[in-house]
*Asks:* 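Sharing a structure with you now.
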Amino acid sequence: MEYLKELNEAQRVATTHLQGPLMVIAGAGSGKTRVLTYRIAHLIDNGVDSFNILALTFTNKAAKEMKERISTIIGSDSGRSIWMGTFHSVFARILRVESEKIGYPNNFTIYDTQDTKSLIKTIVKELGLDDKLYKPGIVYSRISSAKNNLISARAYMDDTGIMADDRSTGRPRLHEVYIEYEKRCFKAHAMDFDDLLFKTNILLKNHPDVLLKYQEKFKYILVDEYQDTNYSQYLIVKRLAARHENICVVGDDAQSIYAFRGANIQNILNFKKDYPDYNLYKLEQNYRSTKVIVDAANSIISNNKNQIKKNVWTSNSEGEKIKVLKTYSDNEEGKLISNDIFDIKNSEQALNSDFAILYRTNAQSRSFEESLRKLNIPYRIFGGLSFYQRKEIKDTLAYFRLTANHNDEEALKRVINYPKRGIGLTTIDKARVCANENDKSLWEVLENPVENGLKLNTGTQNKIGEFVTMIKSFATKISSDSAFDLCNEIAVNSGILKELYTDKTPEGVAKYDNIQELLNGIKGFVETQKTSEEQIVTLPDFLIDVALLTDADNDDPDDKNKISLMTVHAAKGLEFQYVYVVGLEENLFPSQMALNTRSELEEERRLFYVAITRAKKKATLSFATSRYRWGQLVQCEMSRFIEEVDSRFLNMERVFSRNEEKNDLPFGMPANNSSGFSSKKGTNTYKTKKAMPTITTSSTYNKKNLKRIESVENKEGSEVDVKRIVVGAKVSHERFGKGKVINIEGTPPNVKATVFFPEKGQKQLLLKYAKLNVIG
DNA sequence: CCAGTACTTAGGTTG
DNA sequence: TAAGTACTGG
């Protein structure tokens, strides 16, 4: 119990209160994670079996780190057997076991946002709706928030309020999309992120035996970041905890920043109602930041009406005032801040990893990347396009998914013609219509085209047959081969690796390397998951994990000593010595979209609060008076949030002095300003790029005319040629060079040749278009 | 069927 | 600016 000495009074009381419902309201930097970690350790220390503990965290990384800490504290590795992770990953694992009870096979696929949007897009098209109105993103967010509030498609349609909303925004048929979307996901044996929670609720609600099983299993439940749970999550926790009521939730209403995706601060208030005999503890002493930072943060948040009363304080030293930087452009902002970082690194012997640049939107990273690169300061960008969202990785994963679940339509559509095997969009569309008519999945139709009345020419039918056979052959090894062996085989036999290997462009090489990295990752996964020699870690095991991985979960040792660039959202729960909160401009931070209602503005303010409180030693704020947005220069005003900070804590020198500096511009900051002013550079590139096409267009016009004449001239010749184009003939093509015909199919005038070009690979060409000349 | 190009349009934050 | 799509010529 030595470890209890490492806690302050409030922390210790919360940690050692083991039985019954408990809520901990923890101010920023007050040791929230510490309490959670020590509390779990203490539970185990007091004889609670680690298998009986469920801990829900906000990221998988947080779970991993906490497990390690716990093992260290209690001096055994029983920390490993705690069920700990995000809501999504924990309940995905449970659904893998139980899904058959709610009618889903347990090899179900998890659709990510891309898959979801792509499916919605298809459905909107099929229903003949206006895709300008029914944009995938908007439709998805409607469906998503419905699901997070446990409103099924059926219930959605019956809800007069929701239906009125959709009518007023001009989307009266949105519910039809939802209904069809639900159907199609089910047919594809797929669940989206929201389904993982939604279906868990259905499972626990409709199957008392299953509920009882997990209530008995999870005798102790802990939830981190409780302020950011949505209704669906709230209800899962409530159901599971109903029997033993050993539930501990930890959170901070002032840091609630996910209302946009359904998070509900009400959950904190409901706690009192659900567990009237609950205990409430407040952690108010901040151990992280200087007095200036803590007090400045308090002054910001005091502008919010809705909050639970608490008094965050610190006994840390006063610290430096918060510096505010005014710049004339986004590029100058990048430059100034990079220089500042450079200076501090030298003067204070700071590490790269001590710094973070926090912005509101991912698009803002560009100017910082550029300026940091110029100064040779290594950085890491969190968020944005993650490794797993890259096209080549998604394509490869799609093969894996399709192997595990043939009905996964989004995966099927991705790879059926990649690498090119001559199964084009026309064919897929036909098959899709056929699937709809027969109420079957796309795969079922392709597997038995004739039986399902799908009319295709024999060539296409053969190609589909080959594809189906290939996927099936992969599938025979699902349970016998390890994930690594099988994935390797798929990468080779699907033709993906070959396709990228022949591509010698830098991008092609990078893609090839990425696939190798993916395979290495799978190898690592197989090794770490293995608990015994005989155990086989299979492809489905890997697939559950990979769908729910995020960038933050990637622990690349190369990334250790780098500056962090990320959105404020992504910075939640983290801390840095030096924090730069950038782009503090009206319409950006606070976001333009959040200015309509008070509650949205308050969420932006909490976001700003979160940003500032990440800093331990020094916080810096910046704004630009102009910046590029979608390629257009816009004027910006300083954010109201800067004005809301009590001026005693701000150092505004660099805001007021700028105007004078501007006057002695020729001498004061010539190089800095002229090149820092992105507008010039920007318009230049814009101009050249704009100018280029006009030149090329005129030249292509010439070329076009020339070609037309050529092709007319060729007409007579080609008639002769067509007859001479037979399998085995050597031909030449103006773009692909010399090649050999390896197949001819189709009936005139749609005769199609498959030609192998040693330089460009195998191509399929329609003879009526492609001018093939027989040579030799 | 394929590939290059012209055109359009951008709701921001995430598991 | 950048990405994604619709169009078009071969």
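Each chain gets a letter, A, B and so on, in the order its sequence line appears, and its residues count up from 1. Note that the coordinates shown come from a computational prediction; the quantities given were computed from them, not determined experimentally. Just the heavy atoms: all of them, side chains too, but no hydrogens, waters or symmetry mates, feed the values below.
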*Asks:* Do Arg93(A) side-chain atoms and Ser89(A) backbone N/O form a donor-acceptor pair below 3.5 Å?
*Replies:*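 Checking the backbone N and O of Ser89(A) against the side chain of Arg93(A), no donor-acceptor pair under 3.5 Å is found.
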*Asks:* Can Arg96(A) be said to sit on top of Phe108(A)'s aromatic six-ring, NZ or CZ under 6.0 Å from centre and within 45° of the ring axis?
*Replies:*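 Yes; both conditions hold, so Arg96(A) lies above the ring face of Phe108(A).
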*Asks:* Output the rounded distance in Å from CD1 (Ile110(A)) to P (dT14(B)).
*Replies:*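 Spelled out: CD1 on Ile110(A) to P on dT14(B) is 19 Å.
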*Asks:* Within this structure, what is the CG-to-C1' distance between Asp115(A) and dT14(B), rounded to whole angstrom?
*Replies:*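 Between C1' of dT14(B) and CG of Asp115(A): 16 Å.
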*Asks:* Quick one: label Asp194(A) by what it contacts on the DNA or RNA (base, sugar-phosphate, nothing), any heavy atom closer than 4.0 Å.
*Replies:*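 Contact class for Asp194(A): base.
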*Asks:* Can you tell me how far P of dT1(C) sits from CG of Asn331(A), to the nearest Å?
*Replies:*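 Rounded to whole Å, this separation is 11 Å.
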*Asks:* If I take atom CG in residue Asp131(A) and atom P in nucleotide dT9(B), what distance separates them, rounded to the nearest angstrom?
*Replies:*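 Computing the Asp131(A):CG to dT9(B):P distance gives 10 Å.
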*Asks:* At under 4.0 Å between heavy atoms, what does Lys121(A) touch on the DNA or RNA strands: base, sugar-phosphate, or nothing?
*Replies:*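 Lys121(A): backbone/sugar contact only, no base atoms under 4.0 Å.
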*Asks:* What is the distance, rounded to the nearest whole Å, between atom OH of Tyr418(A) and atom P of dC2(B)?
*Replies:*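 So the OH-P distance, Tyr418(A) to dC2(B), works out to 14 Å.
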*Asks:* Does dT8(B) have its OP1 or OP2 closer than 4.0 Å to a side-chain nitrogen or oxygen of Lys132(A)?
*Replies:*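 Result: no.
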*Asks:* In whole Å, I'd like the distance from the NE2 atom of His569(A) to the P atom of dT13(B).
*Replies:*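 These atoms are roughly 9 Å apart.
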*Asks:* Check this one for me: any side-chain N or O of Asn362(A) less than 4.0 Å away from OP1 or OP2 of dG12(B)?
*Replies:*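 Indeed not, no polar side-chain atom of Asn362(A) lies that close.
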*Asks:* If you go through the side-chain atoms of Glu604(A), does one of them form a donor-acceptor pair with the base of dG12(B) closer than 3.5 Å?
*Replies:*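 When only heavy-atom distances are counted, Glu604(A) does reach the base of dG12(B) through a donor-acceptor pair under 3.5 Å.
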*Asks:* Arg605(A): what forms a salt bridge (Lys or Arg N to Asp or Glu O under 4.0 Å) with it, not counting sequence neighbours?
*Replies:*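 If we apply the salt bridge (Lys or Arg N to Asp or Glu O under 4.0 Å) test to Arg605(A), skipping adjacent residues, the hits are Glu644(A).
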*Asks:* Whether Thr59(A) contacts dG15(B) is assessed here as follows: a side-chain N or O lying under 4.0 Å from the phosphate OP1 or OP2. Is that the case?
*Replies:*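 Thr59(A) to dG15(B) OP1/OP2: no side-chain N or O under 4.0 Å.
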*Asks:* If the cut-off is 4.0 Å, is Lys572(A) near the phosphate of dT14(B), judged by side-chain N/O to OP1 or OP2?
*Replies:*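 So the side-chain polar atoms of Lys572(A) never come under 4.0 Å of the phosphate oxygens OP1 or OP2 of dT14(B).
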*Asks:* Can you tell me if Trp630(A) is stacked onto the base of dT1(C), using a 5.5 Å centroid cut-off and an angle below 30°?
*Replies:*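 Ring-base stacking flag not set for Trp630(A) and dT1(C).
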*Asks:* Side-chain N or O of Lys135(A) less than 4.0 angstrom from OP1 or OP2 on dT9(B)?
*Replies:*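 No, because none of the side-chain N or O atoms of Lys135(A) sits under 4.0 Å from OP1 or OP2 of dT9(B).
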*Asks:* Side chain of Lys420(A) only, please: which of dG15(B), dC2(B), dG12(B) is the nearest?
*Replies:*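 Looking only at heavy atoms from C-beta outward on Lys420(A), the closest nucleotide is dC2(B).
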*Asks:* Determine: side-chain N/O of Asn417(A) to OP1/OP2 of dC1(B), distance under 4.0 Å, yes or no.
*Replies:*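 So the side chain of Asn417(A) is outside the cut-off, no N or O lying under 4.0 Å from OP1 or OP2 of dC1(B).
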*Asks:* Give Ser89(A) one of three labels, base, sugar-phosphate or nothing, depending on what nucleic acid heavy atoms sit under 4.0 Å from its own.
*Replies:*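 Answer is nothing: Ser89(A) stays at 4.0 Å or more from every strand.
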*Asks:* Give me the distance, rounded to whole Å, that separates dT13(B) from dG4(C) when you measure between the P atoms they each carry.
*Replies:*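 My reading of the P atoms in dT13(B) and dG4(C) gives 15 Å.
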*Asks:* Within 45° of the ring axis of Tyr609(A) and under 6.0 Å from its six-membered ring centre, is that where the NZ or CZ of Arg606(A) lies?
*Replies:*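 Not satisfied by the 6.0 Å and 45° rule.
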*Asks:* Looking only at side-chain atoms of Arg261(A), point me to the closest of dT14(B), dA3(B), dA6(C).
*Replies:*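 Output: dT14(B).
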*Asks:* Students often get this wrong, so: under 4.0 angstrom with heavy atoms, is Thr361(A) touching a base, only sugar-phosphate, or nothing?
*Replies:*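 Sugar-phosphate, backbone atoms only, no base.
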*Asks:* Is there a donor N/O on one and an acceptor N/O on the other, under 3.5 Å, for the side chain of Arg629(A) and the base of dT1(C)?
*Replies:*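 Check fails, no donor-acceptor contact within cut-off.
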*Asks:* Flag the pair Ile416(A) / Thr427(A) as yes when at least one side-chain heavy-atom distance between them is below 4.5 Å, and no otherwise.
*Replies:*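 No, side chains not in contact.
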*Asks:* What nucleotide, of dG11(B), dG15(B), dT14(B), holds the atom closest to the side chain of Ile138(A)?
*Replies:*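 Closest nucleotide to the Ile138(A) side chain: dG11(B).
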*Asks:* Select base, sugar-phosphate, or nothing to describe what Phe87(A) touches, counting heavy atoms under 4.0 Å on all strands.
*Replies:*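 Here Phe87(A) touches no strand at all.
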*Asks:* Is Arg390(A) positioned over the aromatic face of Phe387(A), cation under 6.0 angstrom from the ring centre and no more than 45 degrees off axis?
*Replies:*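 The answer is no, since Arg390(A) fails at least one limit relative to Phe387(A).
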*Asks:* Whole-Å distance between dG12(B) C1' and Asn587(A) CG?
*Replies:*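 Rounded to the whole Å, the gap is 13 Å.
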*Asks:* Of all the heavy-atom pairs spanning Asn201(A) and Ser232(A), show the shortest one and how long it is.
*Replies:*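 What the structure gives for the nearest pair is ND2-O, 3.0 Å.
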*Asks:* Taking the nucleotide of DNA chain B with the closest heavy atom to each, which residue, Asn148(A) or Ser141(A), is nearer the 5' end?
*Replies:*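 The residue mapped nearer the 5' terminus is Ser141(A).
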*Asks:* Separation of Asp228(A) atom CG from dT13(B) atom P, in whole Å?
*Replies:*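 So the CG-P distance, Asp228(A) to dT13(B), works out to 16 Å.
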